[in-house]
Visitor: 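Take this structure, written in structure tokens, and hold onto it; I'll ask about it next.
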Amino acid sequence: MFPRKRLWLRRRRMDNSIVTSQPNSADSDSIRETNLQEENVSFIPYADENSVNNISSTENDVIDDFEGLQRELEPLILSQDDDRKEVDLCKGRYIYVHDLPSRFNNDLLKQCKLLDKWSDMCHYLDNMGLGSRLGNPQRLFLSSGWFETHQFSLEVVFHNRMKQYECLTNDSSLATAIFVPYYSGLDIARYLWGHYNVSVRDWDSRDLVKWLREKPEWSVMDGKNHFLVAGRITWDFRRAVDDDSGWGNKLMFLQESQNMTMLTIESSPWHRNDFAIPYPTYFHPSSDNEVVQWQNKMRRQKRRALFCFAGAPRPNMEDSIRSEIMEQCSASKQKCRLLECKNDKNKCMKPVHVMKLFQNSVFCLQPSGDSFTRRSTFDSILAGCIPVFFSPGSAYVQYLWHLPKDYPTYSVLIPEDDVKQKKSNIDKILSQIPGNKISAMREEVIKLIPKVIYNDPRSRLKTFKDAFDLTIKGVLDRVETLRKEVREGRNSSSDFDEENSWKYYAFGNTKEHEWDNFFRRTNRVRY
């Protein structure tokens, strides 16, 4: 064996390559070419110094022990690759957060007693917006990670998650996207009930976009790289008339808002600028282990009811099917469990009652209520209960970044008109689904759990991507698409009628679709 010495040799760039050969047989050599993109220094092991000194820069150079050379160079090359990866780790993912005047966020938290007409919101905003800790009553939950989270507290939870985002930057010129931490839902909640004129309701929204417009970051893309979270349903921000009798404010109709990406817990199927992200649930794990523990618990869970419904009728809403659903549930007492949300002792406001019902059921009915979507959808997924929808507007065209496009793998769709016209028997439809298919659907639901929860802002999950992570990816991808369009002088929003936004975003086209009837606005005058 030759003694091995490490001698440093500067690589020479020869037409951007070093030509080396390695014996392939006793009679012939094969020539292998290794491209070099830059000149650098590395070492080469050789038998002795003469071997190295004999190396020339001619095209016919032969390097003995080529495999040894590869082994010696590999750590250096990998190290260089790692360095490059570390440098580029946040490339395309940087986010700049506007430092808004406190009246747009923190001051609202100080007014927590005034944010809701019927309840004190203060305890719901504890623990960075997660609410008070639930503990583990009746051993329904885990020993940690469970909170009494309000369905409209997402703005606070999301903002606190954003503070822990790994690719924040103080240099807005590096940022792919700009986050606007305006608590718009908490703001408008103060004025939804009562005799407040439109000027009062719109004041902060108008003030916000004026503030944004005057910042240098706005002019880079006219606000198309900006996004914010509105923690209520879209209809609370889409007052179409300047009349005091109209509902909500007009945040999403403001000219500046048309350019921003607006994230809501329910988006409009007929508008371009808002995208739905999951309602917050009661579960906010602080580790991957808690997620796995909960998933396994739901896999072992015994489910005694075929289906269930938690909710209240909507007698004043002509097209609501809730009364029919409650009637069918009552008629199937052996298979259906009903939790009515009524009176001062409303059990639906208690996480224990809701989660116990869902954990003990195979299917959870999710009809539309005051609007298309329900927080209950995500509570049922969290409980491993297969959601049953009656309109694609309740989930399929809403949570495009979080739920699978192949919706039959994790849910059931029963057209609401069929229920209204008594053409569909829910018990019969669900009873006919084979047991093996039910098991497969439940497993898909349980796999979805990490994607629809927001982990505790005070910690990070290592292997799972939660709802926040998927939302950020969706926003960054959208902004990059818009940036490319700006460079090319295009505007894809002009490619389709805004009325067909649901179809364009869900399927990439506006062709005739089997769901068209669900989204004819003549049948949905309240929207």
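Below, all heavy atoms of this structure are taken into account, side chains as well, without hydrogens, waters or symmetry copies. Quick note: residue numbers are just sequence positions, from 1.
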Visitor: State whether Arg103 and Asp207 are salt-bridged, where the test is any N-O pair (Lys NZ or Arg NE/NH1/NH2 against Asp/Glu carboxylate O) under 4.0 Å.
Guide: yes

Visitor: Which pair of non-hydrogen atoms, one from Gly369 and one from Arg314, has the smallest distance, and what is that distance?
Guide: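 The pair with the smallest heavy-atom distance is C-NE, 4.1 Å.
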
Visitor: Verify whether one side chain among Arg139 and Asn136 offers a donor that lies under 3.5 Å from an acceptor in the other.
Guide: no

Visitor: Cut-off 3.5 Å, side chains only: do His284 and Thr149 have a donor facing an acceptor?
Guide: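 Short answer, yes.
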
Visitor: Mind telling me whether Tyr279 and Phe378 have parallel, tilted or perpendicular rings, with 30° and 60° as the class edges?
Guide: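 Correct class here is tilted.
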
Visitor: Between Glu324 and Lys420, does any NZ, NE, NH1 or NH2 come within less than 4.0 Å of an OD or OE carboxylate oxygen?
Guide: yes

Visitor: Look at the rings of Phe372 and Trp270 and say which category their plane angle falls in: under 30° parallel, 30 to 60° tilted, over 60° perpendicular.
Guide: tilted

Visitor: For Arg190 and Asp204, what are the C-alpha separation, side-chain angles and deciding distance, and is it a salt bridge (Lys or Arg N to Asp or Glu O under 4.0 Å)?
Guide: CA-CA 12 Å; Arg190 299 174 294 173; Asp204 283 340; 3.2 Å; yes

Visitor: Cation-pi between Arg375 and Tyr282: NZ/CZ under 6.0 Å from ring centre and within 45° of the ring axis?
Guide: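 Judged by the rule, Arg375 and Tyr282 form a cation-pi pair.
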
Visitor: So, Ser267 side chain and Leu263 main chain: donor-acceptor pair closer than 3.5 Å or not?
Guide: no

Visitor: Can you see whether Lys250 engages Ser205 through a side-chain donor-acceptor pair at a distance of less than 3.5 angstrom?
Guide: no

Visitor: For Lys451, does the NZ atom sit with more than 12 other heavy atoms under 6.0 Å from it, leaving out its own atoms?
Guide: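 No.
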
Visitor: Distance only, no hydrogens: is a donor on one side chain within 3.5 Å (strictly under) of an acceptor on the other, for His271 and Ser268?
Guide: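 A donor-acceptor contact under 3.5 Å links the two side chains.
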
Visitor: Look at the side chain of Asn425 and the backbone N and O of Lys428, then say whether any donor-acceptor pair between them is shorter than 3.5 Å.
Guide: yes

Visitor: Does Trp247, at its CH2 atom, have more than 12 non-hydrogen atoms belonging to other residues, nucleotides or ligands within less than 6.0 Å?
Guide: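 Atom CH2 in Trp247 is packed in, count exceeds 12.
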
Visitor: For Phe275 and Tyr505, run ring pair (Phe, Tyr, Trp, His ring centres under 6.0 Å): C-alpha distance rounded to whole Å, both residues' side-chain angles, the deciding distance at 0.1 Å, then the answer.
Guide: CA-CA 10 Å; Phe275 299 83; Tyr505 287 132; 5.0 Å; yes

Visitor: Before we go on, tell me: are the rings of Phe158 and Phe179 under 6.0 Å apart, centre to centre?
Guide: yes

Visitor: Check Lys113 with Asp120, please: is the shortest side-chain N to carboxylate O separation under 4.0 Å?
Guide: yes

Visitor: Given 3.5 Å as the limit, does a donor-acceptor pair link the side chain of Tyr454 with the main chain of Pro278, or not?
Guide: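 It does hold such a pair.
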
Visitor: Start with the C-alpha distance between His159 and Val229, add both sets of side-chain angles, then the distance that settles side chain to side chain contact (heavy atoms under 4.5 Å, CB included), and finish with yes or no.
Guide: CA-CA 9 Å; His159 187 195; Val229 174; over 6 Å; no

Visitor: Under the 3.5 angstrom rule, does the side chain of Asn273 hit a backbone N or O of Thr261 as a donor-acceptor pair?
Guide: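 Side chain of Asn273 to backbone of Thr261: no pair is present.
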
Visitor: I need the Arg322 CZ to Leu365 CG distance, nearest 0.5 Å.
Guide: 11.0 Å

Visitor: Would you tell me whether Ser411 and Tyr396 have side-chain atoms, one donor and one acceptor, within less than 3.5 Å of each other?
Guide: yes

Visitor: Tell me whether Cys364 and Cys308 have SG atoms closer together than 2.5 Å.
Guide: no

Visitor: Heavy atoms only: give me the nearest Val352-Pro137 pair and the separation to one decimal.
Guide: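 Taking every non-hydrogen atom into account, CG2-CG, 3.5 Å.
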
Visitor: Does the side-chain hydrogen bond (donor to acceptor under 3.5 Å, both in side chains) test come out yes or no for Glu485 and Ser492, once each step is laid out?
Guide: CA-CA 8 Å; Glu485 290 182 1; Ser492 63; 2.7 Å; yes

Visitor: Less than 3.5 Å apart, any donor N or O on the side chain of Ser332 or Asp427 sitting next to an acceptor on the other?
Guide: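 A pair is found: one side chain offers a donor N or O, the other an acceptor, under 3.5 Å apart.
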
Visitor: Which of parallel (below 30°), tilted (30 to 60°) and perpendicular (above 60°) describes Trp146 and Phe141?
Guide: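 Because their plane-to-plane angle is under 30°, the rings of Trp146 and Phe141 count as parallel.
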
Visitor: Under 3.5 Å, is there a donor-acceptor pair between the side chain of His513 and the main chain of Trp515?
Guide: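 Judged by distance alone, yes, a pair lies under 3.5 Å.
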
Visitor: Is there a donor-acceptor contact under 3.5 Å from the side chain of Gln295 to the main chain of Ile446?
Guide: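 It does hold such a pair.
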
Visitor: Salt bridge between Arg238 and Asp274, side-chain N to carboxylate O under 4.0 Å?
Guide: yes

Visitor: May I have the step-by-step check of salt bridge (Lys or Arg N to Asp or Glu O under 4.0 Å) for Glu155 and Arg232, ending in yes or no?
Guide: CA-CA 9 Å; Glu155 296 152 349; Arg232 297 184 67 93; over 6 Å; no

Visitor: Are any of the side-chain heavy atoms of Tyr410 and Pro404 separated by less than 4.5 Å?
Guide: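 Counting from C-beta outward, Tyr410 and Pro404 do come under 4.5 Å.
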
Visitor: Checking Ser501 against Arg272: is there a side-chain donor and acceptor pair closer than 3.5 Å?
Guide: no

Visitor: Between the side chains of Lys473 and Asp469, is the shortest nitrogen-to-carboxylate-oxygen separation below 4.0 Å, so that they form an ion pair?
Guide: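 No.
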
Visitor: When you measure from the side chain of Gln398 to the backbone N and O of Pro269, does any donor-acceptor pair fall under 3.5 Å?
Guide: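 No.
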
Visitor: Would you find a donor on one side and an acceptor on the other, under 3.5 Å apart, between the side chain of Trp294 and the backbone of Leu382?
Guide: yes

Visitor: Ignoring hydrogens and angles, state whether a donor on the side chain of Ser371 or Glu266 is under 3.5 Å from an acceptor on the partner side chain.
Guide: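 Yes, because at least one side-chain N or O of Ser371 sits under 3.5 Å from a partner of the opposite role on Glu266.
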
Visitor: Between Lys347 and Cys341, is the side chain to side chain contact (heavy atoms under 4.5 Å, CB included) condition met? List the steps.
Guide: CA-CA 6 Å; Lys347 290 185 176 181; Cys341 306; over 6 Å; no

Visitor: Answer yes when Glu499 and Arg521 have at least one side-chain N-carboxylate O distance shorter than 4.0 Å, and no when they do not.
Guide: yes

Visitor: Measure across Met128 and Pro457 and return the closest heavy-atom pair with its distance rounded to 0.1 Å.
Guide: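 Answer, listing the atom of Met128 first, then Pro457: SD-CB, 3.7 Å.
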
Visitor: Under 3.5 Å, is there a donor-acceptor pair linking the side chains of Tyr182 and Asp187?
Guide: yes

Visitor: Mind checking salt bridge (charged side-chain N to carboxylate O under 4.0 Å, His left out) for Lys224 and listing every partner two or more places apart, or none if nothing turns up?
Guide: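 Applying salt bridge (charged side-chain N to carboxylate O under 4.0 Å, His left out) to Lys224 gives none.
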
Visitor: With a sphere of 6.0 Å drawn around NZ of Lys484, does it hold more than 12 non-hydrogen atoms of other residues, nucleotides or ligands?
Guide: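 No.
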
Visitor: When you look at NZ of Lys297, are more than 12 heavy atoms from neighbouring residues, nucleotides or ligands closer to it than 6.0 Å?
Guide: yes

Visitor: Are Arg303 and Phe358 in a cation-pi setup, meaning NZ or CZ lies under 6.0 angstrom from the ring centre and within 45 degrees of the ring axis?
Guide: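 Because its charged atom misses either the 6.0 Å distance or the 45° angle limit, Arg303 does not stack over Phe358.
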
Visitor: What pair of heavy atoms forms the shortest contact from Ile277 to Tyr399, and how long is it?
Guide: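 The pair with the smallest heavy-atom distance is O-CE2, 3.3 Å.
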
Visitor: Can you find a pair of side-chain heavy atoms, one from Lys422 and one from Glu327, that are under 4.5 Å apart?
Guide: yes

Visitor: Thinking salt bridges, do Arg133 and Asp126 make one under a 4.0 Å N-O criterion?
Guide: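 Looking at Arg133 and Asp126, the cut-off is not met.
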
Visitor: Which atom names give the shortest non-hydrogen contact between Val479 and Thr176, and what distance separates them?
Guide: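 Closest pair (atom of Val479, atom of Thr176, distance): CG1-O, 3.1 Å.
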
Visitor: Does the ring center of Phe518 lie less than 6.0 Å from the ring center of Trp502?
Guide: no

Visitor: Less than 6.0 angstrom separating the ring centers of Phe307 and Phe363, yes or no?
Guide: no

Visitor: Between Asn105 and Pro181 (side chain of the first, backbone of the second, donor and acceptor by atom type, cut-off under 3.5 Å), is there such a pair?
Guide: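 Yes; at least one donor-acceptor contact below 3.5 Å.
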
Visitor: What are the two closest heavy atoms between Leu403 and Ala395, and how far apart are they?
Guide: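 Nearest pair, atom of Leu403 first, then Ala395: CD1-CB, 4.0 Å.
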
Visitor: Sub-3.5 Å donor-acceptor pair from the side chain of Arg239 to the main-chain atoms of Trp235, do we have one?
Guide: no

Visitor: With no hydrogens and no angle check, just 3.5 Å: does a side-chain donor-acceptor pair link Ser119 and Tyr124?
Guide: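 The criterion, which ignores hydrogens and geometry beyond distance, is not satisfied for Tyr124 and Ser119.
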
Visitor: From Leu208 CG over to Leu254 CG, what is the distance, rounded to the nearest 0.5 angstrom?
Guide: 9.0 Å

Visitor: Looking at Arg161 and Asp456, is any side-chain nitrogen of the basic one under 4.0 Å from a carboxylate oxygen of the acidic one?
Guide: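 Judged by the 4.0 Å cut-off on N to carboxylate O distance, Asp456 and Arg161 do not form a salt bridge.
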
